[in-house]
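Structure below; questions to follow.
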Amino acid sequence: MDVFINVPYRMVSKNLKRIIELEVGAEIYTDNNLLEDISMDDVKNLGKALLDMGIECTVHGPYMDLSPGGYDRAVKRVTIDKIKKAVEVAHSLNAKAVVCHPGYDRWRFDGNEQLWLVSSIETWSEVLSEAGRDMEIILENIFEETPSTFLELFGYFKDKNLYFCFDTGHFNLFSKLPLEEWLVPLKKWIREIHIHDNNGRADDHLPLGAGTFPFRELKAFILHTDRIRFTSEFHSEAHAIESIKNLKEFLR
């Protein structure tokens, strides 16, 4: 099973040796403003360095202020352009996939899943065209309380490279459903799992086992899966070693 760590783009070059020592891949986070300033020559050089050193990578796309399923056409145009720029960066890095936030929140959309779905189909159609056949676009749960919006969207794109990233910490914060009611219906679309923990009150990004997420139930599920990438997401460098160590022990 592949283990990755989430690293901001600006920190990757100076941490290549540490990534090798940890024997992990890198999920490279490209934030909104970075994508305005980034030099594609620098991106290509980093992609070459990753390839030469045998470091596999994915990209985490921008999400702040963006709305892939939004109503406002101007906001959605900015959103699509930002995500497509992240896809361009991913191609230059020889990345396997781009992880994105789908942006559904029942409070912000007043529970109107259909409005979000129609708008989202337009967005992801354009993004998937940019990604091409060899790159996966992977959507991550954030504020979603149930898997219904993902199931609708994946059902529409059933023959495309659109997949699911299950985020343990976000599930622990925003969903009250049993874990199996997320994982079983979405099983065939799961390509990645973001691993971090919390106590159900804040998105703390603690090491596995330091909060209340039911990791024992998750382990029982993943024993019957394959082709899943596991990405450790920690917000503090102080948690890096513990987070990766705990994840690797969990996967044994």
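Here, residue 1 is the first one in the sequence, and each next residue gets the next number.
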TODO: List for me each residue that meets ring pair (Phe, Tyr, Trp, His ring centres under 6.0 Å) alongside Phe213, sequence neighbours excluded, and say none if there are none.
DONE: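 Phe213: ring pair (Phe, Tyr, Trp, His ring centres under 6.0 Å) contacts with Phe171, Phe215.
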Task: Partners passing salt bridge (charged side-chain N to carboxylate O under 4.0 Å, His left out) against Glu181 (at least two apart in sequence or in another chain) - done: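 Per chain and number, Glu181 pairs via salt bridge (charged side-chain N to carboxylate O under 4.0 Å, His left out) with no residue.
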Open item on the list: Are there over 12 heavy-atom neighbours, none belonging to Glu249, within less than 6.0 Å of that residue's CD?
Closed with: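 Enclosed.
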Open item on the list: The criterion is side chain to side chain contact (heavy atoms under 4.5 Å, CB included); which residues satisfy it with Pro214, sequence neighbours excluded?
Closed with: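 Pro214: side chain to side chain contact (heavy atoms under 4.5 Å, CB included) contacts with Asn172, Leu179, Glu217.
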Task: With sequence neighbours excluded, residues passing salt bridge (charged side-chain N to carboxylate O under 4.0 Å, His left out) with Glu21 - done: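 So Glu21 forms no salt bridge (charged side-chain N to carboxylate O under 4.0 Å, His left out) with any residue.
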Exercise answer: donor-acceptor pairs, residues 10-17 side-chain atoms, under 3.5 Å, sequence neighbours excluded:
unit_1 : atom_1 : unit_2 : atom_2 : d
Arg10  : NH1    : Asp31  : OD2    : 2.9
Asn15  : OD1    : Arg18  : NH1    : 3.4
Asn15  : ND2    : Met11  : O      : 2.7

Open item on the list: Please confirm whether the ring centroid of Tyr63 lies under 6.0 Å from the ring centroid of Tyr29.
Closed with: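 Yes.
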Open item on the list: Would you say the ring centers of Trp116 and Tyr104 fall short of 6.0 Å from each other?
Closed with: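 Trp116 vs Tyr104: aromatic centres under 6.0 Å.
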Open item on the list: Atom OH of residue position Tyr156 - does it have more than 12 heavy atoms of other residues, nucleotides or ligands inside 6.0 Å?
Closed with: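 Count not over threshold, so no.
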Task: Atom CG of Asp134 with >12 non-hydrogen neighbours under 6.0 angstrom - done: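 Open.
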Open item on the list: Just checking Lys48: does its NZ atom have more than 12 heavy atoms from other residues, nucleotides or ligands closer to it than 6.0 angstrom?
Closed with: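 Result for NZ/Lys48: open.
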- [ ] Salt-bridge test for Lys82 and Glu36: reply yes if a basic N is under 4.0 Å from a carboxylate O, no otherwise.
- [x]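 Result for this pair is yes, salt bridge flagged.
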Task: Other cluster members, Ile142 - Ile/Leu/Val/Met/Phe/Trp/Tyr, side-chain contacts below 4.5 Å - done: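 Same cluster as Ile142: Phe143, Leu173, Phe174.
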TODO: Answer yes or no for Lys76 and Tyr71: cation-pi contact, defined as NZ/CZ to six-membered ring centre under 6.0 Å and angle to ring axis within 45°.
DONE: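 Pair Lys76/Tyr71 does not count as cation-pi.
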TODO: Answer yes or no: are there more than 12 heavy-atom neighbours, outside Lys96 itself, under 6.0 Å from its atom NZ?
DONE: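 For Lys96, atom NZ is not crowded (no more than 12 foreign heavy atoms under 6.0 Å).
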Open item on the list: Quick check on the 6.0 Å ring-centre criterion: do His205 and His194 meet it?
Closed with: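 No: the rings miss the under 6.0 Å criterion.
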Open item on the list: Against His196, only a single residue in Asp204, Asp167, Thr168 fulfils side-chain hydrogen bond (donor to acceptor under 3.5 Å, both in side chains); can you say which?
Closed with: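 The passing option is Asp167.
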Task: Pair Asp81 + Lys85: basic N to acidic O under 4.0 Å - done: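 Here Asp81 does not pair with Lys85 in a salt bridge, since their nearest N and O are not under 4.0 Å apart.
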Task: Minimum-distance pair of heavy atoms, taken over all atoms of Gly211 and Asn199 - done: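 So the minimum-distance heavy-atom pair works out to CA-OD1, 3.5 Å.
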